[in-house]
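Predicted model only: the values in this text are computed from it and were never measured. In what follows, every chain begins at residue 1, and chains take the letters A, B, ... in the order their sequences are listed.
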Amino acid sequence: MPFIPHTEDDIQEMLAVIGVDSIDTLFDEIPDELRCDELKAVPAGMPEMEVSRLMQTRAREDGQPLCFLGAGAYDHHIPAAVWQLTTRGEFYTAYTPYQAEASQGTLQLLYEYQSMMTALTGMDVSNASLYDGASALAEAVLMAVRANRKSKSGRILVPRTLHPLYRRVTHSIVRNQGIELVEVGYDSKTGQIDTSVLEQYTGEDFAALVIPQPNFFGVLENVDELTEWAHTNDMLAIAVVNPLAMSILKPAGEWGENGADICCGEGQPMGAPLASGGPYFGFLCCRQKLVRQMPGRIIGKTVDLDGKPGYALTLQAREQHIRRSKATSNICTNQGLMVTAATIHMAIMGGEGLQHMAAACHGNTEKLSQALCSLPQVESVFDGPFFHERVLKLPLAAKDALKALAAHNVLGGFDLSDDYPELENAILVCATEMRGEEDLEQYRSKLERVIAAQVQTPCQLKPDW
Amino acid sequence: MIYEHSRTGRRATAQTNPEMAELSDIPDALLRKRPAGLPEVSEMQAVRHYTRLSQKNFSIDTHFYPLGSCTMKYNPRACNSLASLPGFLSRHPLAPDTHSQGFMACMYDLQEILKHVTGMHDVSLSPAAGAQGEFAGVAMIRAYHDARGDTARSEILVPDAAHGTNPASAVMCGYKAREIPTGRDGDIDLDALKQALGPQTAGIMLTNPSTVGVFERRIKEIAGLVHEAGGLLYYDGANLNAILGKVRPGDMGFDVIHMNLHKTFSTPHGGGGPGAGPVGVSQRLAPYLPVPMVDYDGTDYVWLTEKERPDSIGRLSAFAGNAGVLLRAYVYARLLGRDGMHRVAEFSSLNANYLLKRLMEVGFDAAYPERRASHEFILTLKKQAKELGVNTMDFAKRMLDYGVHAPTTYFPLLVPECLLVEPTETEAKEDLDGFVEIMRTIKQEAETQPDLVKQAPHTMPVRRLDDVRAARELDLAWKNDRNAQPE
Amino acid sequence: MSDTPKELRYAKSHEWLRDEGDGTATIGISEHAQELLGDLVFVDLPEVGTNVEAGGDCAVVESVKAASDVYSPVTGEVIEVNESLDDAPETINEDAFGNGWMFKVKLDDAGELDSLLDADAYDALVAEEDH
């Protein structure tokens, strides 16, 4: 019996103590007509060796292509120590630190995480994580609507330069509370939020303006100006940032005169593998005065009976287990293990190490962009400053180009034509620090072949891994 | 504190190139002026620090962890290593289907297995945790009523013993939560339910076995009443471990359910997540399931997104939820297979009923002594609190000294001085017997030297913490000016 | 012997009210309520200028393990709040009927005061709840 330690003798002794003659009797309060059959449609159990063979085969099927795809999930180096420590049983198999005295490891680590995130973003406080970047933005929006008492409209300005999936997720999560997301277009030359569109909303009632940095196109927004505009118009400024970018860019807490009010984003670049999209973690930071509007766990430093420092869950009266229907959110379990990895990752890399990593990604993407733009009719679309991701226009349909590249086992980037049809044949490319010179050259030469072939006849290549 | 090991100029030299690449194309005004105040430590210092921190935790791998409602059972190591195969770890979430068939096959199989074990018509794996599953479930209930133009329904009913996420999820979906009392026998108060039902009822959220640890015997009747009033039934899968392979939520009459894979399917709790909260629905709610989902067209696995499922309540995370957790659950399901699944319910119930009987023999009071325990049970220490002045929290803290993680305390709220104990199926009889002896000892201590128990724990890295100070004098982050020149 | 001040009026939801005699009233939570909640760590007060309704929730008091809504016993406009509670919520624990007052309301209808409990009736209510 997999993972069940009972011997036949154990079972008999235990049944005798309970005073029943069979295990089945333990289910006698369940009405007979509800009892189910033997789950014939579920496959029979397999020993670990066989499951292992199955999983190895399936993992190999996915081919480990050369990845130039970013769009919210990035292929970064993770120091070996990060996951060796994170999967220690004491981190991996503990739960939410309800018994503080027996959970000081997790609690102190979370406090360190909060410290590192506030240092990185320049904000006052951080929670202990949410599910992912997109759902963190949804929580930030809900938080802004609660916190901005001057605004009654429940409306939020959301730029089209924000990740399209983040816009969709936020809509799914906030719409039932009557919150409206109003889209703001972008400047087709720079790829930044179109400030002339924004000006039209001057003086109107919005709870917040969402400011991505870098934005979905990899373009850097004029964050100071945008933050000031939001504050002048009685809106909160919600920053959506890449934490790796924060190691080199002006932190959200320093934007404009007073800084952004809420800062959230996707934590994946800090130690989480790509892994099909999760688990990652969302982070959420804010200014001190908004802390009671924050959802999720928060850890505070305090002292024990002897005055010795220790760590505990705090401000729990915001949360569902106390406040129930009036809680700031329904969130309970968050992404603790991913935060464990992120904390160890940030500790090993340090502020300077992260800067090196960020600069390496940025430099690689710049090199890739130059190499690809040397091909006929491939050009960069926006002229605004950027960080580690660029929009390029191709001389053929983006879908066809990416499909052909995939057949060469190269993931060439993200197809923008569904979400931004006006950009026509545009793709979003990213070369992290993991890609070497030869990888960049491989992409360039494969794309060259694809363009040459596809501009004339459609390509029929099969995958070649 | 990791910051105390920090020295300026001590860099992660093994992890990066010595030369930093140029950033000259980024305007100065957008750059930060100095590196972020992160610790600058050597790799060994970090490894030593976090290894030591880990040793300050209780965990399933090191301690008996009978935390009620959380199903802290053994997390097989194979689940971790097989979900961490390089092909799975390196797969980009937006990779094309041609480079995703292996992963998608696992997700499709898992959807099918979960459909069968819950008796639901369709399953979506995307919710990232139980609470997000609840949100998705209630949002689907709302989408269903809205699609029928039945928009006057404004209330979701929840039992007073429900987990706090239930009412919070209802409110996030724009509903009012209305509480229904629990009867003396632990079942829901049927008369109160009848009175609460009406044209304003959108649905009811139930856990079965309930949060008081007993099976709701009149579930069919409840389902009939709610459906008759035009409402739908939501099944909170927190306690699915108790009935896996014995009775299915779909057969009980539920329209929508969520499962906590980090409970029933043994994925790790990770110090507070990540979990996974797949949702299952009956046929009439199928169009509203959150995306993405995986389908099989006879030759290939394909994604179902907003395009294919226009009535979906939408997307709850940017990509496909906690994929790595889902892979672990899939491995677990394949290891167990159909036989292993009903053994989960059988042995978790055997362990719980055995432990309850033994503890009652020792002199502890069950909250529902006349009822069969499910996979967990409630003790009430009302007597000890009143007669000895030693309360549930004191007992819980003293257990830590004896190397046992405390059960859930003071939940559900309606049982005074309660301990919710869930031993799970993976604990051996001798470990349960050991726990009984610990409880006997603490009870004796409470009688003879109550201060010893009231001052507990005595052997942990810290003694009881000042929660009031933590909340009044908020210290939520190491101050950055402190890390430049550590004392 | 009860310490419940005779000059105050009480709501069943454990707020007290002092009629200032000039069409305004001062409101707080009772000694019994603060005892039940334990050490308070935060008080969320209404904003000056907001209109509150009798029986409507308008403030929150938080301890470590609980949070409780505070309901206004009367209808009217909030004209002053006790800002010192922001930094010292424990004042309510220390002096619930005095320095721990929460907010002042300009009464819409002084007649509403008649429906509130006097000290004896409130003590009887508390005694009943204890059983």
Comparing B:Ala320, B:Ser266, B:Pro461 against chain A, the one with the most heavy-atom pairs below 4.5 Å turns out to be B:Pro461
At a heavy-atom separation under 4.5 Å, does A:Thr314 approach chain B through its side chain, its backbone, both, or neither?
side chain
Ranking B:Leu336, B:Thr408, B:Asn80 by heavy-atom pairs under 4.5 Å to chain A gives rank one to B:Asn80
Are the side chain of B:Ser54 and the backbone of B:Thr51 linked by a donor-acceptor contact shorter than 3.5 Å?
yes
Region of B:Asp466 that comes under 4.5 Å of a non-hydrogen atom in chain A:
both
Before accepting this row, confirm whether a basic side-chain N of the pair B:Arg371/A:Glu29 lies closer than 4.0 Å to the acidic partner's carboxylate O.
yes
Under a 4.5 Å heavy-atom cut-off, does chain B meet the side chain of A:Ser126, its backbone, both or neither?
neither
When heavy-atom pairs shorter than 4.5 Å are enumerated against chain B, which of A:Gly363, A:Gly19, A:Pro385, A:Ala100 gives the highest number?
A:Pro385
Relative to chain B, which segment of A:Ile298 carries a heavy atom at a distance below 4.5 Å: side chain, backbone, both, or neither?
side chain
Keeping A:Thr96 on the side-chain end and A:Tyr98 on the backbone end, is there a donor-acceptor pair under 3.5 Å?
no
As an exercise: rank B:Val331, B:Ile219, B:Thr62 by heavy-atom pairs under 4.5 Å with chain A and give me the winner.
B:Val331
Which atoms of A:Ser129 approach chain B - backbone, side chain, both or neither, heavy atom under 4.5 Å:
neither
Is it the backbone or the side chain of B:Ala83 that comes under 4.5 Å from a heavy atom of chain A, or both, or neither?
neither
Could you check which of B:His63, B:Arg358, B:His262, B:Lys73 has the highest count of heavy-atom pairs closer than 4.5 Å to chain A?
B:His262
Are the side chain of B:Glu40 and the backbone of A:Glu352 linked by a donor-acceptor contact shorter than 3.5 Å?
yes
